[in-house]
Participant: 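Could you have a look at this structure, given as structure tokens, before my questions?
The figures that follow rest on heavy atoms only: side chains count, while hydrogens, waters and symmetry mates do not. Letters A, B, ... mirror the listed sequences (proteins, then strands); counts begin at 1. Given the structure is predicted, the values throughout are model-derived calculations rather than measurements.
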Number of protein chains: 2
Amino acid sequence: MKVIILGGDGFCGWPTSLHLSNLGHDVLIVDNLSRRNIDNELEAHSLTPIAPMGSRLKAWKEVSGKDIRFFNFNVAKDYDRLLKLIETERPDAVVHFAEQRAAPYSMKSPKHKRYTVDNNLNATHNLLCAVVESGLDIHIVHLGTMGVYGYGTAGMKIPEGYLDVEVVTDTGERLMQQILYPTNPGSVYHMTKTQDQLFFAYYNKNDGVRVTDLHQGIVWGTNTSETMADERLINRFDYDGDYGTVLNRFLMQAAVGYPLTVHGTGGQTRAFIHIQDTVRCIQLALENPPQPGERVKILNQMTETHRVRDLAKMIAELTGAEIARVSNPRKEAPENDLHVRNDLFLDLGLNPTTLSEGLLAEVSDIARKYAHRADLDKVPCTSTWTSEQKAGVPQKVR
Amino acid sequence: MKVIILGGDGFCGWPTSLHLSNLGHDVLIVDNLSRRNIDNELEAHSLTPIAPMGSRLKAWKEVSGKDIRFFNFNVAKDYDRLLKLIETERPDAVVHFAEQRAAPYSMKSPKHKRYTVDNNLNATHNLLCAVVESGLDIHIVHLGTMGVYGYGTAGMKIPEGYLDVEVVTDTGERLMQQILYPTNPGSVYHMTKTQDQLFFAYYNKNDGVRVTDLHQGIVWGTNTSETMADERLINRFDYDGDYGTVLNRFLMQAAVGYPLTVHGTGGQTRAFIHIQDTVRCIQLALENPPQPGERVKILNQMTETHRVRDLAKMIAELTGAEIARVSNPRKEAPENDLHVRNDLFLDLGLNPTTLSEGLLAEVSDIARKYAHRADLDKVPCTSTWTSEQKAGVPQKVR
């Protein structure tokens with residue numbers, strides 16, 4: 001099939017593009033290189049030496065014999081180019097990664113909050129408008145987040161997108177209804193994904209647009225079988241305080257002998273997925289689109305849950321690293337439980353890469369190998385959720 | 001108190017500004033005159049001869065002795081001016097009307113859908129960001145819509161914003177939860193108001209911003225006691241296919257001898273409120289703000305519900321007008337029931353103006369008086385919800 005990948009230069013978008021190309025699909029990447037430009041703004045960079053898009057695509061052609069076409073424009077701002085591309089190429093599906101995806105970056109300042117809202121909401125809405133205007137029946141696969149659910153689950157396994165509830169009518173009758181799971185986002189970034197859900201529900205209802213919304217956990221790992229084929233294809237590995245997600249941050253900290261920085265008590269439970277499973281899930285989502293007339297299909301794209309302090313302990317034991325507590329920049333409960341259903345992907349044949357089998361390879365193949373490229377000043381998270389909070393300074397706990 | 005009115009030149013914003021000024025509050029209007037500019041785009045105009053803002057404010061000064069200050073800028077685009085105004089003026093409250101508010105206009109074309117989303121979401125988010133950045137404890141009063149609820153109410157009176165539901169945990173325990181009422185918007189315009197709700201919930205949770213969200217019904221009527229004080233203060237009366245709401249459209253049609261255009265079967269039940277009650281409700285909302293730490297306060301701002309065909313019949317009997325059916329441009333159920341709670345405003349002392357007592361005055365004082373200004377070509381709604389639908393041509397039914 002022909003697939004347009006919006007945001008195909010990013011951490012998830014790039015390996016997805018290669019994976020789908022490798023499977024024989026005709027892949028087109030749209031990206032305005034915003035993630036690389038944000039690196040410039042933050043004076044941060046990927047731990048791994050990512051190549052420019054031109055070199056990436058040349059290397060992929062050499063390795064696989066396949067062409068991926070690249071279009072550099074802003075999906076949130078350049079509607080006319082997006083529409084023209086869709087009308088000209090008539091893709092079977094569009095995978096939508098073209099959103100600012102770091103919670104700390106989205107909370108950095110009013111400017112960053114406003115950029116995240118303006119970019120993410122207009123990007124999603126432009127895509128939906130363009131698909132409707134084209135008149136084509138295009139399947140949209142969107143990367144959402146587990147964070148739309150919030151982290152208070154009332155002793156219940158988080159279902160996949162929809163929740164059965166009972167309401168009482170004025171005559172005392174009890175009615176079962178299935179509703180979109182009530183959201184409780186933890187940052188401006190997460191909030192935009194809850195608003196995306198309302199875009200999808202509306203355009204699905206009014207125009208019959210077929211949408212799969214993937215509620216993804218925190219992605220760990222760096223490479224997939226395709227990005228390992230040549231060093232010029234290597235994927236990004238973020239370890240800075242804004243874009244470095246917790247597990248990759250710990251791995252790099254362990255590799256360079258920096259204490260593992262746990263925010264608050266480390267009692268936050270989060271959902272995780274390996275990047276290799278991410279690309280496989282997107283493949284499965286594309287191969288199993290919603291039927292015409294079907295409501296938005298929501299799948300939880302995660303494979304295991306862990307408490308942050310348990311992850312730190314696991315990596316400390318594996319590497320001998322120390323653990324340090326810093327104040328939590330986020331406004332959230334210090335401890336939470338999290339139980340998540342992911343039956344839909346397991347039923348489709350997903351065979352998860354577990355932390356216990358993949359962690360050591362990440363430490364030795366990526367974090368240690370590129371440790372000399374690390375800028376340790378960039379590790380602390382300096383973005384805070386409210387003005388009362390102060391950026392944390394590491395304090396060793398043992 | 002000092003109050004900034006965003007969108008203070010519009011149909012609800014202008015009479016609200018005068019009402020609050022008349023009560024002795026210090027009123028500042030921010031407006032970029034977008035509604036007048038849209039009239040230019042649509043080649044339509046208010047049935048009533050509205051004066052330019054400069055004349056309006058001069059007349060108000062002559063009539064009342066009171067000053068209202070006016071700032072012409074775009075809240076959705078000019079964040080820095082909004083922030084500076086808030087920091088300099090330190091208002092007690094901001095009333096937020098600065099959104100594109102016509103469902104048919106929001107469905108007119110991809111350009112209009114995109115404008116509505118970009119304008120409404122950035123306007124609301126800029127306001128929240130600016131209030132947080134100012135560090136001031138400012139009460140935000142927002143004009144939402146009954147349309148966030150959708151029109152299928154499962155035999156239940158629509159509550160005020162929140163719904164009690166029961167969920168079943170994995171251990172079989174039944175838990176009562178109160179959630180934001182699940183939304184079911186009927187147009188891109190209504191969708192933006194459901195997304196506004198998520199902005200408010202998040203900024204209330206993270207930053208403690210105090211917000212009152214008013215879910216308003218369809219406003220009818222033209223003048224309030226203040227706008228009647230001088231003809232230069234007259235409020236707008238829209239009758240065109242995009243901005244003319246159903247009741248005002250019927251009144252004008254009756255006045256000029258045009259058949260009353262009922263969309264589809266006219267079985268749609270809608271909630272209504274008179275413009276005089278709108279301004280009174282906003283006064284009550286300002287006088288009864290949420291407490292610090294209180295969640296978003298949601299009130300249903302409507303006073304009665306009617307089926308569209310019953311309204312047409314009522315006006316036909318009053319005026320001798322004929323009724324004509326046209327195809328429904330909206331994608332919606334042809335018939336619906338609607339029962340709405342509005343106890344919160346009634347408890348605060350609202351004493352509604354009913355249709356039965358106000359309709360005749362509207363017909364004679366406004367619709368007949370200004371009938372010579374009507375452009376009948378602008379009456380049909382030419383915006384359709386999907387590309388399959390065709391604009392309706394009136395067909396007489398009796």
Participant: How far apart are the closest heavy atoms of Pro110(B) and Cys129(A), and which atoms are they?
Facilitator: O-SG, 4.1 Å

Participant: Tell me, side chain or backbone of Val168(A) under 4.5 Å from chain B's heavy atoms, or both, or neither?
Facilitator: backbone

Participant: Locate the shortest heavy-atom distance separating Val117(A) from Phe199(B); write the atom from each residue and the value.
Facilitator: CG1-CZ, 3.7 Å

Participant: Given heavy-atom pairs under 4.5 angstrom as the criterion, report whether the side chain, backbone, both or neither of Leu83(B) touches chain A.
Facilitator: neither

Participant: Need one label for Leu198(A): side chain, backbone, both or neither, based on atoms under 4.5 Å from any heavy atom in chain B.
Facilitator: both

Participant: For Arg114(B) and Asn126(A), work out which heavy atoms get closest and say how close.
Facilitator: NE-OD1, 2.7 Å

Participant: Heavy-atom cut-off 4.5 Å, strictly under: side chain, backbone, both or neither for Arg341(A) against chain B?
Facilitator: side chain

Participant: So which of Ala76(B), Gly135(B), Ser187(B) has the largest heavy-atom pair count under 4.5 angstrom toward chain A?
Facilitator: Ser187(B)

Participant: Answer whether the closest heavy-atom distance between the side chains of Lys113(A) and His125(B) falls below 4.5 Å.
Facilitator: yes

Participant: Could you give the distance from CD1 (Ile179(A)) to CG (Leu180(B)), rounded to the nearest 0.5 Å?
Facilitator: 10.0 Å

Participant: Are there residues of residues 98-106 of chain A whose heavy atoms fall under 4.5 Å of chain B's heavy atoms? If so, which?
Facilitator: none

Participant: Can you tell me which portion of Tyr203(B) sits under 4.5 Å from chain A's heavy atoms? Options are side chain, backbone, both or neither.
Facilitator: side chain

Participant: Drop me the distance from Asp80(B)'s CG to Lys111(A)'s NZ, to the nearest 0.5 angstrom.
Facilitator: 11.0 Å

Participant: Got a second to check how far Glu133(B)'s CD is from Ser109(A)'s OG, nearest 0.5 Å?
Facilitator: 8.0 Å

Participant: Of the non-hydrogen atoms in Tyr202(B) and Gly186(A), which two are nearest, and what is the gap between them?
Facilitator: OH-O, 3.6 Å

Participant: When you measure from the side chain of Lys205(B) to the backbone N and O of Pro185(A), does any donor-acceptor pair fall under 3.5 Å?
Facilitator: yes

Participant: Taking NZ in Lys77(B) as the centre, count heavy atoms belonging to other residues, nucleotides or ligands within less than 6.0 Å. Is the count above 12?
Facilitator: yes

Participant: Once you round to the nearest 0.5 Å, how far does CG of Leu121(B) lie from CG of Leu121(A)?
Facilitator: 5.5 Å

Participant: Give me the atom names and distance for the closest heavy-atom approach of Asn206(B) to Thr386(A).
Facilitator: O-CG2, 3.3 Å

Participant: Kindly give the heavy-atom pair with the smallest separation between Lys331(A) and Asp207(B), and that separation in Å.
Facilitator: NZ-N, 4.4 Å

Participant: Is it the side chain or the backbone of Thr183(A) that comes within 4.5 Å of chain B heavy atoms, both, or neither?
Facilitator: side chain

Participant: Out of Leu163(A), Asp118(A), Thr171(A), which one racks up the most heavy-atom pairs below 4.5 Å with chain B?
Facilitator: Asp118(A)

Participant: Any donor and acceptor pair, going by atom type alone, linking the side chain of Glu166(A) with main-chain N or O of Glu166(B) inside 3.5 Å?
Facilitator: no

